[in-house]
2 protein chains.
Amino acid sequence: METLAEPETITAKSCSKRTCPTGMAGIRDALYVLNGKWKLPLLFALTDGPMRFKDIQRALGDITPKILSKELKELELNEFVVRNVYSTTPVTVTYGLTPYSESLDAVLFALKDWGISHRKRIVASRKADIT
Amino acid sequence: METLAEPETITAKSCSKRTCPTGMAGIRDALYVLNGKWKLPLLFALTDGPMRFKDIQRALGDITPKILSKELKELELNEFVVRNVYSTTPVTVTYGLTPYSESLDAVLFALKDWGISHRKRIVASRKADIT
DNA sequence: CGGAATCCCAAAAGATACTG
DNA sequence: CAGTATCTTTTGGGATTCCG
C-alpha cells in the first residue's frame, strides 16, 4: 500500500466553489487513506490510549485478527499509529496514536456526532411511522 | 439497501470517554450510510447546485452509469438527494441536495480540509527525501 | 440523455486453523 | 497473547451493450 495516490499537481491555493478540483481531490485523498470498513473505528477506539491487540479486537466487535493486523499496518504506514513492543513473557504489544493522528480529530468528531444525530433522526421517524 | 443498521439501543446520553459505545456506534452508523468509494465525493460535487446525470458522471471522472445510478438511489433513500424530472424532450433529470444533507457539511469540510493538508504533508516529506 | 441489463473481475473481508 | 497462513465468500465496482 502506498501512502497516497499519484499527486495530480494542484495549482489553486484556495477555492471558493466547493467542487473545485482541490476540494474534490481533498475528499478523495482523505478517502484513499481512510478507506475500508475499519480504519476510522480503529482510530476512534485508540483515542482513549494505547491498547493491546486482543483488546482492540474485542473493542471493535467482530474483526478478525487477519484484518486487524492488516489495518494496523496500514495505519502505521501512514503514521497514525505506533506499535510498541514490551519484552514481557509472553510479549506484550500495544498500539497507540501518534501526534499526527490528532490532525484527524475534526473528521472523527464530525463523523461521530453526525452518526449519533442521524440515528436519532431515523429512530424518531420510525416511531412516527408506527403512530 | 436499508437506511440504518439494526438499532442497538443506546442508553447513555453523553460520553466522557471517547470510545464509549455511543461514540463508536456513531462512527459506525455514519460509515454505514456513507460507505463506498463514491458517496462523499458525490455529495461534495452536488454542493454547488443540482446537476444532471451525465454532468455528475463527468465531474466524478470515471464512474460508470451503473454505479452512479446505484449510489444516487441510495443517497435518495437516505434523504440526502432529490431527483427532479423535467418533461423536456428528451427528458431532463437533475439531482440536488436536500436540506437534510446540510447536516453533513461539517463532515464534508473536515474531510476535505484534512485531505488537502495531508497531501501537502506527503508532498513536503517527499521533497525532503530527495534533498 | 438517462438510465437498465448482463457479464465479469479484483479486492475486501470473513472463517478457520495454526504457530512462537 | 500476538499474530500468520489458507481458503472461501462476498460485494463493490467496472466494461459493455442496449433501450425509450
Side-chain angles (χ1 to χ4, degrees), chain A residues 1-5 24 27-28 30-43 45-46 49-78 81-96, chain B residues 1-3 5-6 24 27-28 30-43 45-46 49-78 81-96:
Chain A
M1 187 209 189
E2 305 167 35
T3 51
L4 207 62
M24 185 59 88
I27 298 272
R28 304 192 70 149
L31 262 39
Y32 182 81
V33 173
L34 303 172
N35 64 27
K37 184 178 175 179
W38 297 109
K39 291 203 185 58
L40 272 328
L42 210 31
L43 289 172
L46 292 178
M51 295 176 74
R52 303 176 59 171
F53 191 89
K54 195 74 179 183
D55 291 329
I56 300 176
Q57 208 182 332
R58 271 187 282 260
L60 293 209
D62 51 1
I63 191 172
T64 63
K66 173 191 163 189
I67 305 296
L68 180 53
S69 173
K70 195 200 71 180
E71 299 290 295
L72 284 171
K73 277 175 187 163
E74 293 182 16
L75 290 176
E76 229 189 311
L77 239 170
N78 286 305
V81 162
V82 268
R83 191 182 116 113
N84 315 297
V85 184
Y86 301 96
S87 326
T88 54
T89 46
V91 69
T92 302
V93 179
T94 69
Y95 293 87
Chain B
M1 189 211 188
E2 304 165 35
T3 50
E6 73 260 27
M24 184 59 86
I27 298 274
R28 304 193 68 150
L31 261 38
Y32 182 82
V33 173
L34 303 172
N35 64 27
K37 183 177 174 178
W38 297 109
K39 291 203 183 60
L40 272 328
L42 210 31
L43 289 172
L46 291 177
M51 296 175 73
R52 302 178 59 172
F53 191 88
K54 196 76 179 180
D55 291 329
I56 302 177
Q57 208 181 332
R58 271 186 282 261
L60 294 210
D62 51 2
I63 190 171
T64 63
K66 172 192 163 189
I67 304 295
L68 179 54
S69 174
K70 195 198 72 180
E71 300 289 296
L72 284 171
K73 276 177 189 163
E74 293 182 14
L75 291 176
E76 229 188 311
L77 240 170
N78 287 303
V81 161
V82 268
R83 192 180 116 115
N84 315 296
V85 183
Y86 302 96
S87 326
T88 53
T89 46
V91 69
T92 302
V93 180
T94 69
Y95 293 87

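To find a chain, count down the sequence lines: A is the first, B the second, and so on, and within it residues start at 1.
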Asks: For the side chain of B/Ser69, starting at C-beta, report the closest nucleotide among C/dA4, C/dG3, D/dG3.
Replies: C/dA4

Asks: Once rounded to the nearest 0.5 Å, what's the spacing between atom CG of A/Asp62 and atom CD1 of A/Ile67?
Replies: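 Between atom CG of A/Asp62 and atom CD1 of A/Ile67 there are 11.0 Å.
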
Asks: Of the listed nucleotides (C/dA15, C/dC1, C/dA13), which one gets closest to any side-chain atom of A/Lys70?
Replies: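 Within the option list, the nearest is C/dA13.
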
Asks: What nucleic acid atoms does A/Lys37 come within less than 4.0 Å of, heavy atoms only: base, sugar-phosphate, or nothing?
Replies: sugar-phosphate

Asks: So does A/Lys66 reach the base of C/dG14 with its side chain, donor to acceptor, closer than 3.5 Å?
Replies: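 Between C/dG14 and A/Lys66, which were checked side chain against base, a qualifying N/O pair under 3.5 Å is present.
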
Asks: Rounded to the nearest 0.5 Å, what's the gap from CG on A/Leu75 to NZ on A/Lys70? Could you check?
Replies: 10.5 Å

Asks: By nearest atom, which of the nucleotides C/dG2, D/dG13, D/dA2 is closest to the B/Glu71 side chain?
Replies: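 Between C/dG2, D/dG13, D/dA2, the one nearest the side chain of B/Glu71 would be D/dG13.
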
Asks: Considering only side-chain heavy atoms of B/Ile67, which listed nucleotide, D/dG14, D/dT4, C/dA13, is closest?
Replies: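 Taking heavy atoms from C-beta onward, the closest nucleotide is D/dG14.
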
Asks: Please report, rounded to the nearest Å, how far the C1' atom of C/dA13 is from the CG atom of B/Asn35.
Replies: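 Distance check: B/Asn35 CG to C/dA13 C1' gives 14 Å.
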
Asks: Give a yes/no on whether any side-chain N or O of B/Arg52 is located under 4.0 angstrom from OP1 or OP2 of C/dC1.
Replies: no

Asks: Less than 4.0 Å between a side-chain N and a carboxylate O, is that true for B/Glu76 and B/Arg83?
Replies: no

Asks: Could you state the interatomic distance from CH2 (A/Trp38) to CD1 (A/Ile56), rounded to the nearest 0.5 Å?
Replies: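 If we round to the nearest 0.5 Å, A/Trp38:CH2 and A/Ile56:CD1 are 12.5 Å apart.
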
Asks: Take atom CG of B/Leu60 and atom C1' of C/dG2, then tell me their distance rounded to the nearest Å.
Replies: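 Rounding to the nearest Å, CG of B/Leu60 and C1' of C/dG2 are 16 Å apart.
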
Asks: OP1 or OP2 of D/dG12 versus the side-chain N and O atoms of B/Lys39: is any pair under 4.0 Å?
Replies: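 No.
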
Asks: Quickly work out the B/Tyr95 OH to C/dC1 P distance and round it to whole Å.
Replies: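 Going from B/Tyr95 (OH) to C/dC1 (P), I get 14 Å.
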
Asks: Starting from P on C/dG2, measure out to CD on B/Glu76 and report it in whole angstrom.
Replies: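 Rounded to whole Å, this separation is 15 Å.
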
Asks: Can you tell me how far apart CD1 (A/Ile27) and CG (B/Leu40) are? Round to the nearest 0.5 Å.
Replies: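 If we round to the nearest 0.5 Å, A/Ile27:CD1 and B/Leu40:CG are 5.5 Å apart.
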
Asks: Would you mind reading off the distance between B/Tyr86 atom OH and C/dG3 atom P, rounded to a whole angstrom?
Replies: 13 Å

Asks: Please pick, from C/dA4, D/dG3, D/dG13, the nucleotide with the shortest atom-to-atom distance to any side-chain atom of A/Pro65.
Replies: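 Of all the options, the side chain of A/Pro65 is nearest to D/dG3.
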
Asks: Over how many whole Å does the gap from A/Leu34 atom CG to C/dA12 atom C1' extend?
Replies: 17 Å

Asks: Nearest whole angstrom, please: distance from the P of C/dA12 to the CG of A/Leu42.
Replies: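 Distance check: A/Leu42 CG to C/dA12 P gives 16 Å.
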
Asks: In whole angstroms, how far is the C1' atom of C/dG3 from the CD atom of B/Gln57?
Replies: 10 Å

Asks: Identify, between B/Val91 and A/Phe53, the residue whose nearest nucleotide on DNA chain D lies closer to the 5' end.
Replies: A/Phe53

